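Both ligands and their constituent atoms are indexed starting at 1 by order of listing. All of these numbers come straight from a predicted model, not from anything done at the bench.
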Amino acid sequence: METATIVLFGATGDLAKRKIYPALYNLFVEQKLPQAFHIIGLGRRSLSDEAFQDSVAQSVARFSRREANDPELLNSFLSAFRYNVLDVGRKEDYAKLLQRIEQREQELAVQPNRMFYLSVAPEFFAAIAANIKESGLGSAAGWKRLLIEKPFGHNLQSARELNRQLSEAFSEDEIFRIDHYLGKPMVQKLGVLQQNNPVLDALWTSRYIANVQITANETVGVEERAAYYDRAGAVRDMFQNHMLQLLMMLAIHLPKNGTSEEVRLKKKRVMEALVPMSKHEVSGQVIRGQYAAGTVLGSSVPGYTSEPGIDALSVNDTFIAAKLQIDAPFWRGVPFYIRTGKRMKEKSTRIVVEFKAPLEQRAAAYEDNPAPNLLVFEMSPDEGITLQLNTRDPQREGEFKPIRLDFHSSREDLPEAYENLLHDAWLGNPTFFAHWDEVELSWQWVEPILQAFEENLVPLRLYPAGTYGPAESDALLAQDGYHWWFDA
Ligand code: BG6
């Protein structure tokens, strides 16, 4: 494995503490990082290397999947961390950073490969990329990569502008856009499962599939992110990125051993085939919701507009449900229902593939109605795959009874999304990062929704916290003769 320097912007931030350091530690323990792995953390406030290492140790102890109970191992991990003060707008700081990196590269005999990880607010992305270029930080003899977190833009226009700015300093194959849903192990398996199981492969068409339901329900509310979330809403925060990525991953038909180019090309094809809507059609296909006060997991919680930092008159969406159609041979006529919301009854991220009832000519053979076959992919809280089949229940006069073939993995055995992503970025494997084409097409598709919400063309439906969202979300499926599965 090639050696490289990780240059982490936002090293004292929340994401670094909760996700990045624990992920690096797990990779280190599993020997998935090169021997001379090292990292330079950057932040605005001054901090000694020791104090920085202490804070990394705390975050590992608190959030890591692997226990940090071997002091020698932990110390060897921590010794890779150095800290530098940097004000993202000050050119001198980049010059000093370059010196420090070159010095470390020499000390450790590390190749001049550099991975710039921008774990900072998006308004700094463009300035940082430009300064990396101007300062010469990005022009070493080795490779350079840019890792960036979402949100990638606020709408289509700003996403395009950001991409233009970034591409002045980095080429597309050097930009690794993180969508952490693509790092989730079950999401990574989606395309492969269908492709490697003839049983699924044979059924993966509109001839047998009635509908697909993609759900990402959360119990948390706006948390401490009022300023960001009230501008973003569920459409920008979850739908434009995570939810559409889940749709792409489920809908692609991959050739055997597809390369990363093929995966991304197929995903692009899915997005291109997504039937567009005009802003006037949005209200017929999209439900816009906001949580009101209620009870979540046994605790009373305030409504969205009573949350600290949220305007009492805010009409921001905390829930969205939508019906989508893919105009491509395999999927024509199969509705995809997508929903995501905050303050829902339970935390669950899953995809349900509902198969059609028995084909018409065979229907006569069924004197009563068995439940449809369901294939369920669960990403959260546990990871698993379930296939629901029907059998006769001998105890109940031979009535049909659904049974479930279940496979579940324990969470401790599974890498976290950020482990997978950091490892792939290190190897230079872009398969599970969002390509610009996908990002652009996703913004393009959601643009009419943003406009319709902005112009209030879609009514805002309140739902009590601790439920499955507004009743209109159920009606969206009911009008097609379906219902959301597993809402208890
Ligand atoms: C983030 C969103 O991208 O994903 C958050 O900004 C959301 O609002 C989170 O809570 C959900 O991620 P996960 O992995 O917990 O489903």
field: Atoms in ligand 1 flagged as close to K150, the criterion being non-hydrogen separation under 4.0 Å
entry: 1 (C), 2 (C), 3 (O), 6 (O)
- prompt: Considering only the protein, which heavy-atom contact is closest to atom 15 (O) of ligand 1, and what is its distance?
  reply: K347 NZ, 2.9 Å
message: Within the 4.0 Å heavy-atom shell around H242, which atoms of ligand 1 are there?
response: 1 (C), 3 (O), 4 (O)
- request: Determine whether any heavy atom of K342 lies closer than 4.0 Å to an atom of ligand 1.
  value: yes
- prompt: Quick one: CH2 on W331 to CG on L324, what's the gap to the nearest 0.5 Å?
  reply: 13.0 Å
query: Who's the nearest protein heavy-atom neighbour of atom 7 (C) of ligand 1, and how far?
result: E218 OE1, 3.4 Å
task: Measure the distances from the heavy atoms of Y229 to every atom of ligand 1 and state whether one is below 4.0 angstrom.
output: no
message: Quick test: of every protein heavy atom, which one is nearest to atom 14 (O) of ligand 1, and how far off is it to 0.1 Å?
response: K184 NZ, 2.6 Å
field: Nearest-contact summary for atom 16 (O) of ligand 1 - protein heavy atom, Å
entry: Y181 OH, 2.5 Å
field: Heavy-atom side-chain contact between V286 and F453 under 4.5 Å
entry: yes
message: Parallel, tilted or perpendicular, judged at 30° and 60°: which one describes the rings of F433 and F176?
response: perpendicular
message: Among R160, R164, K268, which residue satisfies the salt bridge (charged side-chain N to carboxylate O under 4.0 Å, His left out) criterion with E440?
response: R160
- prompt: When only distance counts, is H180 in polar contact with ligand 1, meaning an N/O pair under 3.5 Å?
  reply: yes
Reported CG-to-CZ distance for the pair N131 and F124, which is rounded to 0.5 angstrom: 12.5 Å
- request: Describe, in one word, how the ring planes of F81 and F77 are oriented to each other, choosing from parallel (under 30°), tilted (30 to 60°) and perpendicular (over 60°).
  value: perpendicular
- prompt: Among protein heavy atoms, which lies nearest atom 6 (O) of ligand 1, and at what distance?
  reply: D237 OD1, 2.6 Å
- prompt: Does CD in E272 sit with more than 12 non-hydrogen atoms of other residues, nucleotides or ligands closer than 6.0 Å?
  reply: yes
task: If the plane angle is over 60° it's perpendicular, under 30° parallel, otherwise tilted; pick one for F152 and W436.
output: tilted
Test item, R225 contacting ligand 1 (heavy atom, 4.0 angstrom): yes
